[in-house]
Amino acid sequence: MNSLESVPAVRRIDTDRQDLFAFDVVGEVSAADAENLFGLLEAAYALHSRIDVLVRLIDLDGVDWTDVSAETLEQGKANALEHIGRCATVGEPNWIPQVEGFFTASLPVELRHFKVEDEASAWDWLGARPVGSP
């Protein structure tokens, strides 16, 4: 394994809102990255009963769900329905149709996709800004 392979594909973005969980998804997401993401979200849920989420997709090469347990996926889905109010994705691909298809009932979560050039609009929609960014 070279040093680039050990870099996590999911990276937290600090924001000016305590109840907004924002992160970058870069390159190929392994099962370990997906498990880490679920853990980070669970920590956010423990601190706030409702959160908003921003996902910035950067050169996404895909997600390996094969080694993520069905129990973890079901719990992640249940937690998302209970705790997430709004979710914005920035960049390609547009995940919104797949996310909506993941759930069997209508979603109580507001989902919106933004093109990379419209990232500022995503932050505006969520009423937040990244902090510590260049």
Side-chain angles (χ1 to χ4, degrees):
M1 172 182 289
N2 69 40
S3 62
L4 290 179
E5 291 174 324
S6 64
V7 174
V10 177
R11 302 177 197 149
R12 181 90 192 260
I13 302 169
D14 290 328
T15 75
D16 62 358
R17 263 189 60 198
Q18 291 183 2
D19 62 345
L20 173 67
F21 181 79
F23 57 96
D24 287 332
V25 176
V26 182
E28 185 171 342
V29 179
S30 69
D33 292 318
E35 294 276 357
N36 180 49
L37 174 60
F38 284 125
L40 292 170
L41 284 167
E42 286 176 8
Y45 303 150
L47 294 172
H48 307 281
S49 62
R50 297 290 288 172
I51 66 169
D52 291 333
V53 175
L54 182 134
V55 182
R56 195 163 52 189
L57 305 169
I58 302 171
D59 298 325
L60 185 67
D61 289 333
V63 180
D64 178 9
W65 295 107
T66 57
D67 290 329
V68 179
S69 74
E71 181 181 333
T72 297
L73 291 173
E74 285 301 313
Q75 187 61 51
K77 181 168 51 170
N79 284 340
L81 288 172
E82 181 179 347
H83 296 285
I84 297 176
R86 285 182 160 191
C87 179
T89 62
V90 178
E92 297 302 326
N94 177 357
W95 276 4
I96 301 301
Q98 287 84 357
V99 169
E100 290 172 332
F102 186 61
F103 296 92
T104 55
S106 64
L107 289 175
V109 178
E110 290 182 70
L111 302 170
R112 285 193 57 189
H113 175 258
F114 297 85
K115 295 179 180 180
V116 171
E117 58 269 21
D118 297 327
E119 180 176 345
S121 295
W123 288 102
D124 288 342
W125 183 66
L126 295 169
R129 290 281 172 256
V131 295
S133 298

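The structure displayed is predicted, hence computed values, not measured ones. Numbers here simply count residues along the sequence, with the first being 1.
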Val25-Val63 co-clustered via ILVMFWY side chain contacts under 4.5 Å: yes
Smallest separation among heavy atoms of Ala34 and Val68, with atom names: CB-CG2, 3.9 Å
Reported OG1-to-CD distance for the pair Thr72 and Glu35, which is rounded to 0.5 angstrom: 4.5 Å
Any side-chain heavy-atom pair of Val109 and Val53 under 4.5 Å: no
Criterion side-chain contact (heavy atoms from CB on, under 4.5 Å) against Ile13, the qualifying member of Val55, Leu20, Asp24: Asp24
Interatomic distance, Asn36 atom CG to Phe23 atom CZ [nearest 0.5 angstrom]: 10.5 Å
Flag if over 12 foreign heavy atoms under 6.0 Å of CD, Glu71: no
Arg17 vs Leu126 side-chain heavy atoms within contact, under 4.5 Å: yes
Closest heavy-atom pair and its distance - Leu60, Gly27: CD1-O, 3.3 Å
N/O donor-acceptor pair under 3.5 Å between Asp64 side chain and Ala31 backbone: no
From Asp19 atom CG to Ser49 atom OG, the distance as rounded to the nearest 0.5 Å: 9.0 Å
Candidate list Leu47, Leu54, Leu40, test side-chain contact (heavy atoms from CB on, under 4.5 Å), partner Phe21, passing option: Leu40
Nearest heavy-atom neighbours spanning Asp16 and Ala128: OD1-CA, 3.3 Å
Geometric class of the Trp65/Phe38 ring pair [parallel <30°, tilted 30-60°, perpendicular >60°]: tilted
CA sep, side-chain torsions, deciding dist, call: Val90, Trp123, side chain to side chain contact (heavy atoms under 4.5 Å, CB included): CA-CA 10 Å; Val90 178; Trp123 288 102; 5.9 Å; no
Heavy atoms from other residues, nucleotides or ligands near CD of Gln18 exceed 12 (cutoff 6.0 Å): no
Ile51 vs Leu41, side chain to side chain contact (heavy atoms under 4.5 Å, CB included): CA-CA, chis, key distance, verdict: CA-CA 9 Å; Ile51 66 169; Leu41 284 167; 4.2 Å; yes
Arg86 side, atom CZ; Trp125 side, atom CH2 - distance, nearest 0.5 Å: 5.0 Å
Minimal non-hydrogen separation, His113 against Thr89, with atom names: CD2-OG1, 3.2 Å
Shortest non-hydrogen contact from Leu57 toward Pro93: CD1-O, 3.0 Å
Under 3.5 Å side-chain donor-acceptor pair for Asp124 and Ser121: no
Check: His83 side chain, Ala44 main-chain N or O, donor-acceptor pair, under 3.5 Å: no
Where Glu82 and Arg50 come nearest, the two heavy atoms and their spacing: O-NH1, 2.8 Å
Student check: side-chain heavy atoms of Glu42 and Asn79 closer than 4.5 Å: yes
same_hphob_cluster(Val29, Leu73) at 4.5 Å side-chain heavy-atom cutoff: yes
Euclidean distance, Ile84 CD1 relative to His48 NE2, rounded to 0.5 Å: 13.0 Å
